**Student:** 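Dropping a structure here in structure tokens format, bear with me for questions.
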Amino acid sequence: MSADELPPATELLATAVSALGGSERPGQVQMAEAVAEAFAGGKHLAVQAGTGTGKSLAYLIPAIARSVADETPVVVSTATIALQRQLVDRDLPRLVDALADALPRRPKFALLKGRRNYLCLNKIHNGGGEENAELPQEELFEPVAATALGRDVARLTAWASSTETGDRDELTPGVPDRSWSQVSVSARECLGMARCPYGTDCFSERARGEAGRAEIIVTNHALLAIDAIADASVLPEHKYLVVDEAHELVDRVTSVATAELTPAPLGVAVRRIARLVSPQLVQRMEAAVATFSSAIHDAAPGRLDYLDDELGTYLTALRDAATAARGDIDPSPKDPKAAAARSEAIAALTEIGDAASRALDSFVPAIPDRTEVVWLDHEENRGASAGRSGATGGSTVRPVLRVAPLSVAGLLRTRLFDSATTVLTSATLTVGGSFEAMAGAWGLSDGPKWTGLDVGSPFEHAKSGILYVAAHLPPPGRDSAGNTEQLDEIATLIEAAGGRTLGLFSSMRAAKAAAEALRTRLDTPILCQGDDGIAALVQRFAADPETSLFGTLSLWQGVDVPGPSLSLVVIDRIPFPRPDDPLLTARQRAVAARGGNGFMTVAAAHAALLLAQGAGRLLRQSDDRGVVAVLDSRMATARYGSYLRASLPPFWATTDPTRVKQALERLREDASP
């Protein structure tokens, strides 16, 4: 069937909206029409659709129509599990029912994730690498059944016989990553369907099979990145792609493309090969891991602009030892248990060798326009076991050497946009009022044809919200956690609002310090990220209008609380990236080397996007009212302030604290029973 034989997307949208009991939204109609035209014309489209537009329906309906007409799948990629679940569990089933009489057949849809998200039956029944290989040193002497890890694995083994999907997200309650890793494998570790004794029952292969028969395939940005990076296709072949939450795409792809070398996994790799290679190769690997681990533990953290001879020697030794050990392992033994162990060992050694090679290659030749960035981190593991005594609550330092691409624009352009007509959408895509910053980061600026469209929002921002910039406050210092003037301002605003406040802070330290200080000054409750899980905290916050919730990055983008429980969003400071962030500072420097403004292109764009996300927490439904308070005077006084304000919804703006306090008091009175 051709697309001309189907009703137009706008007509299908009207049918669906009517069946679902909704009403027409001009922005939704405009977006649906634009998505349909993009698919028909093969031109990429970036769509900013504000909260309340109903963008899911606006892209799903043209996607369904195109997949049915062309008999080819459309892939829909999202950043969050919550949106994936909303699409698969709510939006798509209702849409398929609503359009049943308007389409020639009932379209199928499926959810597909990376292999690590599914139980591996072979690993459960035949084991993996050397027994206890992934246990911390202090647990190696404990009976496995007595450890939390052992109890988790026993529970997961029992669950494997009852679950229909083997999908980690369906396990309630969940288990830590370390426990899940005992019953799952990466794509590199997988034996493959033909060689695996459980290949016909494999949960991951079953999900892939369902996706291969579906018109709409819902996945995540990480798997989309793996599909783009990997030599073999992970997703079914497709000509059309929708990227929702597209503001997250670059960070998610960068994360997947980042390689790590850190002592604990290196030690696991050594234990895995102990019985698989010659003693000489085991000793060589042990020595390489020991010297490299010691070197990065003692080195100062930060970006590596040049490679000193010592670290270069240790990286070379690690690369060569991993390559030699990998070459000594028989990849195809007949015994399934032996095959699994060898597959996992080969995968681990391959990752080590690749990471070390990337780090070494990034410095050869030593030219300014390096394509990769190498840096050292010293991460603190709080609550780490304090030894055989069983005492806990201490901390250890985890040194990590990371290698990441300076830019993923070329990767996205050649591996994503060259192979599929793509629609990228989010509530926040324009930075400083323009799509150019995001288009450049995606690789669209100098690449294929694309158009940008802002369909606006059904909300009347100027009548529903106030943007208050506290211009009278002193500019924040490096750490605003102890800023007395700012704490006074927050207290005054929360008192006027009667609670009802979401506090978005630039650091966890600042959020906790503010919560601790204000709990002694205010009569209304204050919750803080870390007191409980995010979902539980948001639920408690939404249930009690007098409660305030403070936190950091997870709350900037993940809170959806309509109604009177949220009347005030407080932002403690402009969320510029940390000045010591190695990747973003390297990107700034690269822009400057090309004659551009690195600060505006990278740091200000990063801050503008986060500000827009944070401000977007305020209005979640048409009758919401409230204030976004930015307690950073630079928003009003600095030259880049207008650029940042242009990235926010068009709220009514003021710097007058008295008017804001009065507005919040009126909102509190209106919301009182």
Side-chain angles (χ1 to χ4, degrees), residues 25 27-28 30-32 34-35 38 44-60 62-63 74-87 91 218-222 224-225 240-255 408-409 412 416-417 420-445 450-459 461 504 553-560 575 605-620 644 646-650:
R25 307 177 200 180
Q28 188 180 56
Q30 185 184 7
M31 178 175 172
V35 173
H44 305 303
L45 173 68
V47 188
Q48 179 164 280
T51 305
T53 301
K55 61 182 169 61
S56 296
L57 290 191
Y59 65 69
L60 285 176
V74 177
V75 172
V76 177
S77 179
T78 77
T80 61
I81 292 172
L83 183 53
Q84 290 169 40
R85 282 296 169 197
Q86 175 187 314
L87 294 176
D91 293 349
V218 179
T219 188
N220 55 60
H221 294 353
L224 190 67
Y240 305 103
L241 169 66
V242 177
V243 180
D244 202 345
E245 301 173 308
H247 63 281
E248 294 264 24
L249 181 62
V250 168
D251 285 347
R252 299 301 174 99
V253 174
T254 300
S255 179
V408 295
L412 291 174
L416 208 66
F417 302 129
T421 300
T422 305
V423 173
L424 303 114
T425 185
S426 170
T428 51
L429 287 183
T430 59
V431 179
S434 168
F435 285 99
E436 287 302 322
M438 293 303 301
W442 292 328
L444 287 178
S445 292
W450 68 281
T451 56
L453 173 67
D454 185 351
V455 300
S457 167
F459 299 155
H461 288 93
L504 302 178
L553 191 59
S554 298
L555 303 185
W556 283 77
Q557 304 184 77
V559 176
D560 185 6
H606 172 94
L609 196 62
L610 262 182
L611 278 171
Q613 286 286 310
R617 302 309 97 203
L618 182 66
L619 304 182
R620 308 304 297 177
L644 298 176
S647 304
L648 298 178

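Keep in mind the model is a prediction, meaning the values are calculated, not measured.
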**Student:** Rounded to the nearest 0.5 Å, how far does CD of Gln48 lie from CG of Leu453?
**Tutor:** 9.5 Å
**Student:** Nearest 0.5 Å please: distance from the CG atom of Leu609 over to the CG atom of Leu644.
**Tutor:** 11.5 Å
**Student:** Are any side-chain N or O atoms of Arg25 and backbone N or O atoms of Gly52, one a donor and one an acceptor, separated by less than 3.5 Å?
**Tutor:** yes
**Student:** Given side chain to side chain contact (heavy atoms under 4.5 Å, CB included), test Leu444 with Thr422 step by step and report yes or no.
**Tutor:** CA-CA 11 Å; Leu444 287 178; Thr422 305; over 6 Å; no
**Student:** Please say which of Leu249, Val250, Asp251 ends up in a side chain to side chain contact (heavy atoms under 4.5 Å, CB included) with Val253.
**Tutor:** Leu249
**Student:** Could you pull out all residues at least two apart from Ser647 that satisfy side chain to side chain contact (heavy atoms under 4.5 Å, CB included)?
**Tutor:** Val431, Ala608
**Student:** Grab the two heavy atoms, one from Ala38 and one from Thr421, that are nearest each other, plus how far apart they are.
**Tutor:**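 Closest approach of Ala38 to Thr421: O-CG2, 3.5 Å.
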**Student:** Is there any salt bridge (Lys or Arg N to Asp or Glu O under 4.0 Å) pair reaching into residues 51-60, and which pairs are they, with sequence neighbours excluded?
**Tutor:** Lys55-Asp244
**Student:** Nearest heavy-atom pair of His606 and Pro575: which atoms, and what distance?
**Tutor:**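 That would be CD2-O, 3.4 Å.
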**Student:** Report the residue from His221, Glu245, Arg85 that forms a side-chain hydrogen bond (donor to acceptor under 3.5 Å, both in side chains) with Thr80.
**Tutor:** Glu245
**Student:** Which one of Leu57, Val47, Asp454, Leu45 satisfies the side chain to side chain contact (heavy atoms under 4.5 Å, CB included) criterion with Met31?
**Tutor:** Val47
**Student:** About how many Å separate CG of Asn220 and CG of Leu83, when rounded to the nearest 0.5 Å?
**Tutor:**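 It comes to 11.0 Å.
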**Student:** Kindly give the heavy-atom pair with the smallest separation between Ala420 and His44, and that separation in Å.
**Tutor:** O-CE1, 3.1 Å
**Student:** Determine the minimum heavy-atom distance between Gly50 and Ser457, stating which atoms define it.
**Tutor:** CA-CB, 4.1 Å
**Student:** Looking at Val559, is its backbone amide N or carbonyl O close enough to the side chain of Arg617 to form a donor-acceptor pair, meaning the two atoms are under 3.5 Å apart?
**Tutor:** yes
**Student:** Let's go through Trp450 and Phe435 carefully: what are the C-alpha distance in whole Å and the side-chain angles of both, what is the deciding distance for side chain to side chain contact (heavy atoms under 4.5 Å, CB included) to 0.1 Å, and is it a yes or a no?
**Tutor:** CA-CA 11 Å; Trp450 68 281; Phe435 285 99; 3.8 Å; yes
**Student:** Hey, could you give me the CD/CG distance between Gln86 and Asp91, rounded to the nearest 0.5 Å?
**Tutor:**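 Gln86 CD to Asp91 CG: 4.5 Å, rounded to 0.5 Å.
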**Student:** I need the Leu619 CG to Thr51 OG1 distance, nearest 0.5 Å.
**Tutor:**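 Reported to 0.5 Å precision, the distance equals 8.0 Å.
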**Student:** With the side chain counted from C-beta on, respond yes when Gln613 and Ser426 share a heavy-atom pair under 4.5 Å apart, and no when they do not.
**Tutor:** yes
**Student:** Identify the heavy atoms of Ala246 and Met438 that sit nearest to each other, and give their distance.
**Tutor:**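 Looks like O-CE, 4.1 Å.
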**Student:** Working to the nearest 0.5 Å, report the span between CZ of Phe417 and CG of Leu424.
**Tutor:**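 Answer rounded to 0.5 Å: 5.0 Å.
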**Student:** Looking only at heavy atoms, which two atoms of Leu648 and Ala615 are closest? And how far apart?
**Tutor:** CD2-CB, 4.0 Å
